[in-house]
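For reference, the structure is listed below as structure tokens.
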Amino acid sequence: MKRGVRYQILDEKSSDQNIADILKPIPCDLYNWDIGYTETHRYENNRMIHDSIFEEQDVLDGRELERVVNKHTYLAIFAELKAFPKTAIVSDIADYEDFVNSECEIIVLLVDCAYVDVYCKDINLTEEVYQYAQQKGYTDIEYIDENDSRYKMYVW
């Protein structure tokens with residue numbers, strides 16, 4: 001069973017990667033997004049500014065999330081984003097079992113600017129994320145299955 005997609009952003013691509021690229025294949029506007037531990041830096045005039053786009057433990061409407069991530073170019077160092085239907089109550093998702101038993105639909109985890117895990121309950125979205133990663137030229141693209149070594153749904 002496919003749980004999601006794992007891929008790596010190449011080093012030469014990670015310097016100009018922005019969080020909006022990772023979220024592009026996901027219909028963000030359909031969800032409320034629980035923002036966990038996230039570290040981002042904004043670029044302005046080719047200079048990195050230490051300016052985070054999120055406050056930890058924020059819950060953002062998907063349209064607001066898209067607006068924020070597309071406003072500037074951000075280098076994401078770590079990101080922990082969990083999507084819930086707009087009518088759902090946002091709850092803590094500690095592990096995969098919590099994810100399966102919750103109303104959470106998508107989890108996006110980014111570690112060290114390069115290692116991305118996207119967990120999806122919708123198999124069609126899983127396929128879209130996989131194809132998108134291929135189109136972007138990301139490496140080490142694989143489906144996450146029941147042999148997943150990740151124990152916790154956190155980046156830190």
Side-chain angles (χ1 to χ4, degrees), residues 1-43 48 52-54 56 58-86 93-100 102-156:
M1 184 177 114
K2 296 175 186 171
R3 295 180 174 187
V5 178
R6 176 172 290 141
Y7 58 87
Q8 183 177 352
I9 299 170
L10 294 173
D11 290 341
E12 60 267 14
K13 290 188 183 280
S14 66
S15 63
D16 65 355
Q17 166 268 348
N18 99 37
I19 190 77
D21 289 338
I22 294 170
L23 296 174
K24 191 167 189 160
I26 299 170
C28 294
D29 62 322
L30 299 179
Y31 303 98
N32 285 330
W33 289 82
D34 180 32
I35 312 301
Y37 178 78
T38 303
E39 179 183 346
T40 58
H41 301 282
R42 179 168 52 103
Y43 280 91
M48 184 168 36
S52 182
I53 52 176
F54 304 118
E56 190 172 345
D58 272 354
V59 175
L60 292 178
D61 173 80
R63 286 191 180 97
E64 178 66 9
L65 174 68
E66 288 178 324
R67 187 193 67 73
V68 168
V69 300
N70 288 301
K71 185 175 182 179
H72 298 286
T73 298
Y74 290 93
L75 172 64
I77 311 298
F78 293 97
E80 182 181 301
L81 309 170
K82 298 171 183 172
F84 290 82
K86 298 211 179 216
I93 309 296
D95 56 31
Y96 185 74
E97 186 175 328
D98 286 349
F99 175 59
V100 169
S102 74
E103 293 184 82
C104 183
E105 292 290 322
I106 304 163
I107 298 176
V108 177
L109 303 171
L110 169 71
V111 177
D112 291 338
C113 302
Y115 303 96
V116 180
D117 287 358
V118 180
Y119 291 83
C120 305
K121 287 183 177 172
D122 179 340
I123 190 66
N124 293 322
L125 181 57
T126 299
E127 296 296 334
E128 289 176 31
V129 170
Y130 188 93
Q131 291 171 8
Y132 176 77
Q134 286 182 316
Q135 290 170 0
K136 289 292 286 184
Y138 298 147
T139 62
D140 299 327
I141 305 165
E142 63 183 18
Y143 289 107
I144 302 168
D145 62 18
E146 62 277 351
N147 296 315
D148 184 17
S149 61
R150 177 179 288 284
Y151 179 67
K152 296 290 182 185
M153 294 291 144
Y154 300 118
V155 295
W156 199 253

> Do the rings of Trp156 and Tyr37 sit parallel, tilted or perpendicular, given the 30° and 60° boundaries?
Replying inline: parallel
> What pairs of residues pass the salt bridge (charged side-chain N to carboxylate O under 4.0 Å, His left out) test when at least one of them lies in residues 145-156, not counting sequence neighbours?
Replying inline: Arg6-Asp148, Asp117-Arg150
> Does any non-hydrogen side-chain atom of Cys113 lie less than 4.5 Å from one of Ile9?
Replying inline: no
> If you round to the nearest 0.5 Å, how far is CD of Gln8 from CG of Asp140?
Replying inline: 5.0 Å
> Got a sec, which residues hit side chain to side chain contact (heavy atoms under 4.5 Å, CB included) with Lys24, two or more places apart in sequence or on another chain?
Replying inline: Tyr132
> Who are the ring-ring contact (aromatic ring centres under 6.0 Å, His included) partners of Phe84, not counting sequence neighbours?
Replying inline: none
>> Test of understanding: with side chain to side chain contact (heavy atoms under 4.5 Å, CB included), list the residues that count as partners of Glu128, not counting sequence neighbours.
In response: Leu125
>> With side-chain contact (heavy atoms from CB on, under 4.5 Å) as the test, pick out the partner of Val118 among Leu110, Leu109, Ile106.
In response: Ile106
> With a 4.5 Å heavy-atom cut-off, do Asp21 and Tyr138 have their side chains touching?
Replying inline: yes
>> Any non-hydrogen side-chain atom of Glu80 less than 4.5 Å from a side-chain atom of Ile35?
In response: no
> Do any N or O atoms from the side chain of Asp61 and from the backbone of Arg63 form a donor-acceptor pair under 3.5 angstrom?
Replying inline: yes
> Is there side-chain contact between Thr38 and Ile19, with at least one heavy-atom pair below 4.5 Å?
Replying inline: no
> Rounded to the nearest 0.5 Å, how far apart are CD1 of Ile93 and CE of Met153?
Replying inline: 9.5 Å
>> So which atom in Asn32 and which in Pro85 form the shortest heavy-atom distance, rounded to 0.1 Å?
In response: ND2-O, 4.5 Å
> Considering only heavy atoms from C-beta outward, does the side chain of Glu97 approach that of Ser102 to under 4.5 Å?
Replying inline: no
> Between Arg67 and Glu64, is there a side-chain N and carboxylate O pair less than 4.0 Å apart?
Replying inline: yes
> With Tyr143, which residues qualify under ring-ring contact (aromatic ring centres under 6.0 Å, His included), at least two apart?
Replying inline: Tyr130
>> Within the structure provided, determine whether Asp34 and Leu81 are in side-chain contact (heavy-atom separation under 4.5 Å).
In response: no
>> Contact between Phe99 and Lys82 at the side-chain level, heavy atoms closer than 4.5 Å - yes or no?
In response: no
> Who pairs with Ile123 by side chain to side chain contact (heavy atoms under 4.5 Å, CB included), at least two apart in sequence or on another chain?
Replying inline: Lys2, Thr126, Glu127
